[in-house]
Structures are given as C-alpha cells and as structure tokens.
A.B. asks: 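Input: one structure, supplied below.
Residue numbers run from 1 in the order of the sequence given. Atoms within each ligand, like the ligands themselves, are counted from 1 in listed order.
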Amino acid sequence: MESITTGFEAYWFQFVDYWGEDFLLKYGTFFVHQIFYFAAYIPFFLCDFIPAFQKYKLQPTKRNDFKTQLNCLAKIFFTHVFVQLPMIIVFHPAIQMLGFRSRVPLPSLPNLIFVLAVSFLLEDFYFYWIHRLLHQGFWYKHIHKIHHDHSAPFGITAEYAHPIETLLLGVGTCLGPFLLTRDLFTLWSWLAIRLYQTVECHSGYDFPWNPTNFIPFWGGSHFHDFHHETFVGNYSSTFTYLDKLCGTSDKYYQRLTKRNENKEQKQK
Ligand SMILES: [Zn+2]
Ligand SMILES: [Zn+2]
C-alpha cells in the first residue's frame, strides 16, 4: 500500500534528519503538543471579536473576559512545562522500549484512519469511566473541581486541570497509539486531531460546520458544554453512545427536547 504521498514522505524524512530521531522522540512531542493546542484555540479566540458569530455562542450571557483567559493561559502553560514535559521525559525510555521510530515509511491513508478511529474509541471509553469516577466525592473535591472552574468553557480550558487528572486522562490518550502503532508520524497525527477535538468541545461555540452535525454519535461542543454548565452527566470525551447506554445523558436530551418543543410553539 502506498504511503500518504511519496512527496510528503520526502519532506518528513528531511525534517527527521534535520532534528534527529532522538530529539524528536524525547522533546518533539512536547513542542508538537504546544503548537497544535494553541493553534487550535486561536480561531475560536478570534471568533469572540466577530459579531456575526455571537449567535453561535452556547452560553451567550456568560462572557469570559480577557483577564480570565490570560489567567487560564498562564496556568495551562505552567502545567504544560512543569507536568506534561517531565511526564514526556520520564516516559521517554518507555517510548524507546516500545520501539517508536520517526524515520520509517509513512502509513497508508486507510491505516492512518483506522488507527485514529480506534484511538478515538479506546480513549472515549477510558475517558468516560475515569471522568465519571472523577465526579465522585473525594475525586471531585480534590481533583476534578479545578477543571470545572469554568462553567462556560473556552478553547484552552480543555487542559485546565489538576496534574493528577492530566496524568490519569493522559493514559487514555496513549492507549490507541501504544497498542496500534510504532511510528511518530501516526502518534503526532492522533495528538493533533485529538487536541483539535478537545479544544472544539470546550470552545463555547456550536457552529453549523462542527463535526457533531456530520458524524453520528459525535458529542462535540454542544454535548460537553452542557457538562460544564450543569456539572453532571455527559461524561464521554468524544461520542454520545456510552452516556446514552448508561443513562447519564438523559437530562441533556430532555433539555434538547424541551428546547425543540419551545421552538415549534414559537413558529406556530
Ligand atoms: Zn467533569
Ligand atoms: Zn471539560
């Protein structure tokens, strides 16, 4: 099977040769994480200055001022440098032991899509149960409460969390790539798409072009924003099926039904 594109593979090899495999395996993931996380947030941040987009705000009466966003940004940056970076360095021998490599042929597109899809399913399943546990007494009070500081979330609040929560949920992010691949390109592709998805979930905007409107069982910003607003239910990170099966999204769907009924009555 052909790799994604032969031309792109040549650029990838040039990139790997320039930085060196050891450096990329040890520190590259940290920088890639920084770039994708903040790049995913910038468009949503700019949306706040576009009046035409304000009708897509999920909680229009709650505004996050510049000071709140700056405060969140500072804390996130602190967590990234003093929690995530050491974590990446500590786990570097494990990455080496597992046999991760960067200078290997790029995956075929079907293979990449397969790994990404399975990674989403595994991460979502793991996230659901750990997140549900984090809403129990001790865990909520001492750990998860920090993530719920923002009842009307905005992009970068996605990783605004206690270091223990970062560690616990980070395991779920690693499950798919650790089980299914040994190439750094696939790992970074997964990281990029998962980071965009979690930033979108916390964006506070429900745009018509959001994946929720095209992918069945996809939660998205509307689904997760409800969790932040009400502090209960909708525990999944990506899909809606587990919450539906376990009855933890009933209140969310009751509200949707009520909202649709009100809309219909207004139109009559
Ligand atoms: Zn929560
Ligand atoms: Zn959240």
A.B. asks: N/O/S atom of H224 under 2.8 Å from the Zn ion (ligand 2), yes or no?
C.D. replies: yes
A.B. asks: What orientation do F231 and H148 show, parallel under 30°, tilted 30 to 60°, or perpendicular over 60°?
C.D. replies: tilted
A.B. asks: From H228, does some N, O or S atom reach closer than 2.8 Å to the Zn ion (ligand 1)?
C.D. replies: no
A.B. asks: Are K57 and Y205 in a cation-pi setup, meaning NZ or CZ lies under 6.0 angstrom from the ring centre and within 45 degrees of the ring axis?
C.D. replies: yes
A.B. asks: Do Y37 and H80 meet the criterion of a side-chain donor-acceptor pair at a distance under 3.5 Å?
C.D. replies: no
A.B. asks: Which atom, counting only N, O or S, brings H147 closest to the Zn ion (ligand 2)?
C.D. replies: NE2
A.B. asks: Can you name the N, O or S atom of H131 that is closest to the Zn ion (ligand 1)?
C.D. replies: NE2
A.B. asks: Rounded to the nearest 10°, what angle sits at the Zn ion (ligand 1) between NE2 of H148 and NE2 of H135?
C.D. replies: 100°
A.B. asks: Answer yes or no for R103 and F13: cation-pi contact, defined as NZ/CZ to six-membered ring centre under 6.0 Å and angle to ring axis within 45°.
C.D. replies: yes
A.B. asks: Quick check, are the ring centers of F217 and F239 under 6.0 angstrom apart?
C.D. replies: no
A.B. asks: Between E21 and K26, does any side-chain N to carboxylate O distance fall below 4.0 Å?
C.D. replies: no
A.B. asks: Which atom name does H202 have for its N/O/S atom nearest to the Zn ion (ligand 2)?
C.D. replies: NE2
A.B. asks: Using the Zn ion (ligand 1) as the vertex, how large is the angle between NE2 of H227 and NE2 of H144, rounded to 10 degrees?
C.D. replies: 170°
